[in-house]
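Heads up, the thing below is written out as structure tokens.
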Amino acid sequence: MLLLVAAMFITLIRMIIGPTIWERLLAFNLFSAKILLLLSVHGVYKQKLILLDIAFTYGIIGFLTITLLSRLILSGGREK
């Protein structure tokens with residue numbers, strides 16, 4: 001779990017310094033996947049099934065967020 005947290009920190013740095021919006025969005029997606037993995041591993045380790053349900057819900061919300069942000073960026077946002 002400590003390696004996951006370290007990887008999340010590196011991904012967060014990449015999200016901040018990413019030169020393009022697409023690289024920042026990709027880093028955000030990777031950060032979201034690592035949070036999902038961390039919740040799942042912690043839920044299995046502590047034997048709490050509610051954390052697995054939360055991870056599943058977070059995965060669906062993360063996927064929808066990335067999809068909607070990508071469509072917003074492709075359409076030009078508010079400029080149109």
Side-chain angles (χ1 to χ4, degrees):
M1 286 196 304
L2 290 175
L3 288 174
L4 275 173
V5 172
M8 288 170 63
F9 182 70
I10 293 170
T11 305
L12 185 65
I13 291 172
R14 184 64 187 170
M15 190 170 29
I16 292 171
I17 64 170
T20 65
I21 190 69
W22 294 109
E23 289 181 10
R24 288 184 176 141
L25 192 62
L26 181 64
F28 179 72
N29 191 16
L30 185 61
F31 190 76
S32 176
K34 288 179 182 176
I35 288 176
L36 180 80
L37 186 59
L38 185 67
L39 277 171
S40 299
V41 168
H42 187 67
V44 169
Y45 179 71
K46 293 289 185 177
Q47 297 179 352
K48 295 192 177 196
L49 293 177
I50 189 72
L51 288 177
L52 297 177
D53 293 337
I54 292 170
F56 181 70
T57 306
Y58 184 78
I60 292 172
I61 292 171
F63 172 75
L64 291 175
T65 302
I66 293 297
T67 305
L68 291 175
L69 282 174
S70 298
R71 294 188 90 185
L72 179 70
I73 292 169
L74 281 176
S75 70
R78 291 187 184 181
E79 283 102 31
K80 282 191 168 186

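Hydrogens, waters and symmetry mates are skipped; everything else that's a heavy atom, side chains included, is used.
Note: the hydrophobic cluster containing Ile21 also contains Met15 (ILVMFWY, side chain heavy atoms under 4.5 Å, direct or indirect links). The hydrophobic clustering, which links ILVMFWY residues whose side-chain heavy atoms are closer than 4.5 Å, places Phe63 and Phe28 apart. Placement of Val41 and Leu38 within a single hydrophobic cluster is found when ILVMFWY residues are connected by side-chain heavy-atom separations under 4.5 Å, directly or transitively.
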Please report, to 0.1 Å, the donor-acceptor pairs under 3.5 Å made by any side chain of residues 3-10, with sequence neighbours excluded.
none

Side-chain donor-acceptor contacts of residues 51-60 below 3.5 Å, not counting sequence neighbours, with atom names and distances?
residue	atom	partner	partner atom	Å
Thr57	OG1	Asp53	O	2.9

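The two residues Ile17 and Arg24 come nearest to each other via the heavy atoms C-NH2, 4.5 Å.
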Self-check item: Leu72 vs Leu68, side-chain contact (heavy atoms from CB on, under 4.5 Å): CA-CA, chis, key distance, verdict
Solution: CA-CA 6 Å; Leu72 179 70; Leu68 291 175; over 6 Å; no

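With values rounded to the nearest 0.5 angstrom, Ile66 atom CD1 is found 8.5 Å from Leu26 atom CG. Taking CG of Leu37 as the reference point, atom CG of Leu30 lies at 10.5 Å (rounded to 0.5 Å). In this structure, CD1 on Ile73 lies 5.0 Å from CG on Leu25, to the nearest 0.5 angstrom. To the nearest 0.5 Å, the span separating OG1 on Thr11 from CD1 on Ile16 amounts to 11.0 Å.
The salt bridge (Lys or Arg N to Asp or Glu O under 4.0 Å) search around Arg14 returns Glu23, not counting sequence neighbours.
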